[in-house]
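Okay, structure first, notes after.
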Amino acid sequence: MSKKYLITSALPYVNGLPHLGHLVGCLLPADVYARFCREQGRDTLCICGTDEHGTPSEVGAAKENMPVEEYCKKYHDLHAQMYQGFNLSFDYFGRTSSDQNKEITYRIFHALDKNGLIEEKMTKQVYSPADGRYLPDSYVIGTCPYCGYEKAKGDQCENCTKVLDPTDLINPKSALSGSSDIQIKETKHLFLNLPKLEAELNTWIETKKGIWPDIAYSVAKKWLKEGLQERGITRDLKWGFSVPKEGFEGKVFYVWFDAPIGYIGITKQWSDEKPNERNWEDWWLNPENVIHTEFMGKDNIPFHSITFPATLRGTGEKWTEVSFLKGMNWLNFAGGKFSKSAKRGIFLDDALKEFPADYWRYWLMANAPESDDTSFTFETFAATINKDLNDVLGNFINRVTKMTVKDFGLQVPALGEITDTEKELYATLDTLIKQYTDYMENLEIRKALATLREIWVSGNNYIAKTEPWKAVKTDKARAATILNTGLNLVRLFGILSAPIMPEKAKEMVKIFGKEDVFVWPKKSAQELLQELKEGDSFTAPEVLFQKITPERKEELKLKYKEGE
RNA sequence: CGCGGGGUAGAGCAGUCCGGUAGCUUGCCAGGCUCAUAACCUGGAGGUCGCGUGGUUCAAAUCCCGCCCCCGCAACCA
């Protein structure tokens, strides 16, 4: 039985709109890899959705004066719409608040409870009568007892970075209402006993050394080294799955308990749509036959490498675990963080208004923050789009098709004698395509994109060497051979670019009126460059890419306040 | 305090695991070509690889020690 490829992107929190950072860290690479896998002919399932429970949703809904269910639906739909705009090819974009997720969450919870991994503890929680709710730690602000910073949050002081409890703060206030009437209440909560699973997790994580990216392995190891602690999985909120246990009425599961379970719940949403042909258990209770690749920003690594695997293992059932965890660093905006509240950075709706999705997709993958944080600037964005997409790729397509139309019309000219120059091209492409495929397979995204670019360059190189504009005057058959090869290159470049730039790739292939379902090339370059035959007709393509002018670049910098 | 990541030509990165005269892209300079989106192709200049004129070694960007700087870090900021 051939393996199944399960691909998940970290679930973006429903509250507010996503920006380029969300896209680059998990959503986009998951899509690129899913496309790659599908083109390889693999049984692929790519799952994503919105993470909906928790205080920020409740607060956001109150602010917009709507019921929290409605609020979440509204933003869920907005997320879905934007991701569609970026051509993210999730097989299902679901919700952690779905009935299916509730069912799976309960199932896992009961199993953990049965295995003695769930414990009750009394905890002190901050209650604000003015807000009529318990406050999460970071919603309490006050003066830091260590450095005197007046706007320290109850979980950590941003000024001195000390980790705090809300009760440490001097003059604590609610960040919501500003009320200083803060009460500490004793309330009972459930905890997952992570220490019991620590040794087992450690053994498992060590098998990932040298396989997972450094950042993923070392963050997981760091947590284990410091020793796991029991982790609260319930909260005093209304918006969430109610806790199915006596004595816990009125409490819900903590968002971080049901959010990763959401991958499974969402898969069940997908399979419930066509229960006769789909079965979520084939994907999630089938560890021997499923390769599960997860994509996420570095903040999410602990949950996916420690907490969630522990949750699944604790059930005693054979759940599919993460095989490869692709953790990404941050994408910053002009040196600082993207920020919703400060309106810093580029949000997805704006991005799509400025440029086609494929421009963003290409830049983000070519500059993916794999080994270190990376900054987005319009300077590098414009330079990359102009050089790589316009000068190298776009101009190649343009020169080859224009020349052919002028000298041979709208038909693929005949392939004549194959010379050493063609053979050299075949050899170069064989090497580069192999390299490109390997990098995609191993999720070395920047290197993959650099190789893709090299592939495009090899086309220009070939044209420069063979000089068809001269050949057409002296040896028309030779010119025909060169342009035949050139047109085949255009089509091949389209196929190879498809996971990264699906729209533009489609346009590149479409001019030959052939398939628009992409199949990853497995033949030799020589065969690949003979798929378009003499006499096949094609249509002259529109100019595929537009340059970003210096004026436009400056406008964008001003508009998005780059450098402020 | 501690922990993790990073510090390599003007800019952005690879190379570090498995030591052997420092590589890629962009930018700059020169040449070629003129089919094409003033583009393409070729060549060149440019780096004491954060610091210690530290240790190991015939040989260190790569291993060891000490230090400095940047980014991130306890769970509802991706």
Side-chain angles (χ1 to χ4, degrees), chain A residues 10-13 15-16 18-27 51 53-59 136-139 153 155-156 161-163 209-210 213-215 217-223 225-226 229 231-232 235 237 254-256 259 296-303 307 328-332 335 337-341 366-367 370-375 377 379-380 383-384 386-404 406-407 444 446-447 450 453-454 457 459-465 467-472 479 482-483 486 543-547:
Chain A
L11 309 178
Y13 198 71
N15 185 27
H19 48 63
L20 292 182
H22 297 96
L23 197 57
V24 76
C26 47
L27 303 160
D51 174 16
H53 291 139
T55 308
S57 288
E58 286 190 344
V59 172
D137 293 356
S138 62
Y139 279 53
K153 290 184 178 176
D155 54 348
Q156 186 174 25
T161 75
K162 274 256 179 358
V163 175
K209 188 175 186 178
D214 283 351
I215 185 143
Y217 178 78
S218 53
V219 168
K221 254 326 235 191
K222 177 197 159 195
W223 272 48
K225 207 179 345 178
E226 291 175 6
Q229 293 166 27
R231 179 177 171 75
R235 286 293 185 271
L237 293 179
Y254 180 34
V255 62
W256 263 113
M296 71 200 67
K298 60 182 167 185
D299 61 319
N300 264 313
I301 292 170
F303 304 103
T307 323
M328 297 278 239
N329 287 281
W330 299 137
L331 178 69
N332 291 321
K337 277 191 178 184
F338 281 87
S339 162
K340 275 180 256 187
S341 48
N367 296 283
E370 288 178 294
S371 56
D372 198 4
D373 293 354
T374 300
S375 280
T377 63
E379 209 62 58
T380 61
T384 305
N386 290 347
K387 189 69 194 171
D388 294 3
L389 297 188
N390 285 276
D391 295 349
V392 176
L393 176 61
N395 179 50
F396 174 78
I397 297 165
N398 195 246
R399 66 197 300 210
V400 168
T401 50
K402 280 237 170 90
M403 242 187 293
T404 310
K406 197 176 75 189
D407 298 322
E444 294 186 73
R446 280 182 179 225
K447 289 181 181 175
R453 199 193 114 108
E454 264 190 84
V457 168
N460 280 315
N461 224 319
Y462 171 72
I463 296 296
K465 261 185 216 156
E467 302 185 306
W469 54 90
K470 281 186 184 165
V472 78
I482 297 163
L483 292 173
V543 169
L544 271 185
F545 300 99
Q546 303 283 322
K547 285 205 188 187

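So you know, we letter chains A, B, ... as the sequences are listed, proteins then strands, and number each from 1. Quick caveat, the model's predicted, so the values are computed rather than measured. Note: hydrogens, waters and symmetry copies are ignored here, and every other heavy atom, side chains too, is used.
- Taking only side-chain atoms of N390(A), from C-beta outward, the nucleotide of U37(B), C76(B), G27(B) with the closest atom is U37(B).
- Dashed line: the shortest gap from a side-chain N or O of R446(A) to OP1 or OP2 of U25(B) is not under 4.0 Å.
- The phosphate of G15(B) has OP1 or OP2 within less than 4.0 Å of a side-chain N or O from K447(A).
- Here I397(A) lies out of heavy-atom contact (under 4.0 Å) with every strand.
- Atom CG in N15(A) sits about 14 Å away from atom C1' in A78(B), given to the nearest Å.
- Nucleic acid contact class of P12(A) (heavy atoms, under 4.0 Å, all strands): none.
- One finds a side-chain N or O of N461(A) lying less than 4.0 angstrom from the OP1 or OP2 phosphate oxygen of U42(B).
- Contacts of V457(A) with the nucleic acid, taken as non-hydrogen atoms under 4.0 Å apart, involve only primed sugar atoms and P, OP1 or OP2.
- Side-chain proximity of W469(A) to the nucleotides U25(B), U34(B), C76(B) is greatest for U34(B).
- Looking at heavy-atom distances under 4.0 Å, T401(A) makes no contact with the nucleic acid at all.
- Atom-to-atom, CG of N460(A) to P of C33(B) comes out at 18 Å; the value is rounded to the nearest Å.
- Using N1 to N3 plus N6-O4 or O6-N4 for Watson-Crick, or N1-O2 and O6-N3 for G-U wobble, each under 3.5 Å, C40(B) pairs with G32(B).
- Considering only side-chain N and O atoms, W256(A) lies under 4.0 angstrom from the phosphate OP1 or OP2 of C76(B).
- Taking a pair to require two hydrogen-bonding distances under 3.5 Å in either a Watson-Crick or a G-U wobble arrangement, C73(B) pairs with G2(B).
- For the pair L544(A) CG and U37(B) P, the computed distance is 13 Å after rounding to whole Å.
- Atoms CD (E370(A)) and P (G12(B)) sit 17 Å apart, rounded to a whole Å.
- The listed nucleotides are C76(B), A78(B), U37(B); the one nearest the side chain of H19(A) is A78(B).
- Taking only side-chain nitrogens and oxygens, K387(A) never comes nearer than 4.0 Å to OP1 or OP2 of G12(B).
- Which of C33(B), U37(B), C41(B) sits closest to the side chain of E467(A) comes down to C33(B).
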- Task: Please report the C-alpha distance between W256(A) and T307(A) in whole Å, then the side-chain angles of each, then the deciding distance to 0.1 Å, and finally whether the side chain to side chain contact (heavy atoms under 4.5 Å, CB included) criterion is met.
- Result: CA-CA 9 Å; W256(A) 263 113; T307(A) 323; over 6 Å; no
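- Candidate nucleotides C76(B), C71(B), C41(B) were compared by shortest atom distance to the side chain of T55(A), and C76(B) ranks first.
- Taking the nucleotide of RNA chain B with the nearest heavy atom to each of K470(A) and V219(A), the more 5' of the two is matched to V219(A).
- Atom CG in N332(A) sits roughly 15 Å away from atom C1' in G12(B) (whole-Å rounding).
- E444(A) pairs by the salt bridge (charged side-chain N to carboxylate O under 4.0 Å, His left out) definition with K447(A), not counting sequence neighbours.
- Rounded to an integer number of Å, the gap from N300(A) CG to G72(B) P is 17 Å.
- Both K406(A) and G21(A) lie near RNA chain B, and the one whose nearest nucleotide falls closer to the 5' end is K406(A).
- Between T384(A) and the phosphate of U25(B), there is no side-chain N or O to OP1/OP2 separation shorter than 4.0 Å.
- Distance D391(A) CG to U37(B) P: 12 Å, rounded to the nearest Å.
- K402(A) places its NZ atom 14 Å from the C1' atom of C40(B), with the value rounded to the nearest Å.
- Look at U21(B): it lacks any Watson-Crick or wobble partner with both distances under 3.5 angstrom.
- Counting non-hydrogen atoms under 4.0 angstrom, Y254(A) reaches a base of the nucleic acid.
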